[in-house]
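Report on the following structure.
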Amino acid sequence: KVCKFSFEYLFVSKNLFKRFGKGWALVTGASKGIGYAYAWELAKRGFDLIVVARSEKLLLDLKEQIQSKYPSIQILVITFDFSTFDEGKYEALFKSVRD
């Protein structure tokens, strides 16, 4: 029920372009589950994507699938494990997203 509410709150009743403007959306956990579904929905709505997860293969598959359906969508794939405690890895992640 929580997932359905958040999905409906974010996507069904809102015009995301009006609310946030055209741009990039960062989706963590994009290789499976809710993150995967959010990536598809955001691409459908015209947002370029930064997709982050541990599995590079699954992210590259997602990128290929989305771009075959929505060729104008730009997708940046970042492989990252948020369970790490290495501050240097987080700094590198933030830098790659900023650039």
Side-chain angles (χ1 to χ4, degrees):
K1 291 183 180 182
V2 172
C3 292
K4 183 178 180 188
F5 169 78
S6 66
F7 184 82
E8 288 177 357
Y9 176 78
L10 287 173
F11 294 116
V12 176
S13 62
K14 305 292 181 190
N15 180 333
L16 295 177
F17 280 119
K18 191 175 187 180
R19 188 169 181 188
F20 300 110
K22 170 69 173 135
W24 290 82
L26 173 68
V27 182
T28 60
S31 61
K32 298 180 190 173
I34 294 170
Y36 181 88
Y38 273 112
W40 272 101
E41 190 63 32
L42 289 162
K44 176 180 165 185
R45 293 173 184 268
F47 284 86
D48 294 321
L49 302 173
I50 301 170
V51 293
V52 183
R54 290 178 295 189
S55 172
E56 182 178 35
K57 181 190 180 322
L58 293 176
L59 289 175
L60 292 173
D61 290 346
L62 173 65
K63 177 181 179 177
E64 182 181 323
Q65 293 166 7
I66 289 175
Q67 288 184 324
S68 70
K69 185 163 185 171
Y70 305 108
S72 65
I73 300 299
Q74 297 179 67
I75 302 175
L76 172 62
V77 169
I78 299 177
T79 305
F80 191 81
D81 183 353
F82 284 100
S83 68
T84 185
F85 294 104
D86 184 340
E87 288 183 32
K89 289 183 180 180
Y90 282 96
E91 289 174 13
L93 172 67
F94 296 145
K95 182 180 180 338
S96 66
V97 171
R98 270 195 317 261
D99 296 343

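Computed from a prediction, not measured in an experiment: that's the story for all the values here.
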Kindly give the heavy-atom pair with the smallest separation between [X] and [Y], and that separation in Å.
X: Gln74; Y: Asp48; answer: N-OD1, 2.9 Å
X: Tyr36; Y: Gln65; answer: OH-OE1, 3.1 Å
X: Ala25; Y: Phe47; answer: CB-CB, 4.3 Å
X: Tyr90; Y: Ser83; answer: OH-N, 4.4 Å
X: Val27; Y: Ala30; answer: O-CB, 3.7 Å
X: Leu49; Y: Ala39; answer: CD1-O, 3.5 Å

Charged N-O contact under 4.0 Å between Arg45 and Glu41: yes
Do Leu62 and Trp40 make a side-chain contact, defined as non-hydrogen atoms from C-beta onward lying under 4.5 Å apart? yes
Value rounded to 0.5 Å, distance of [atom1] in [X] from [atom2] in [Y]:
X: Ile50; Y: Thr28; atom1: CD1; atom2: OG1; result: 11.5 Å
X: Leu60; Y: Thr79; atom1: CG; atom2: OG1; result: 7.0 Å
X: Ile66; Y: Lys44; atom1: CD1; atom2: NZ; result: 12.5 Å
X: Asp61; Y: Glu56; atom1: CG; atom2: CD; result: 10.5 Å
X: Ile75; Y: Leu42; atom1: CD1; atom2: CG; result: 11.0 Å

Sorted by chain and number, sequence neighbours left out, ring pair (Phe, Tyr, Trp, His ring centres under 6.0 Å) with Tyr70 holds for none
Decide whether Tyr38 and Leu58 are clustered together by the hydrophobic rule: side chain heavy atoms of Ile, Leu, Val, Met, Phe, Trp, Tyr closer than 4.5 Å, transitively. no
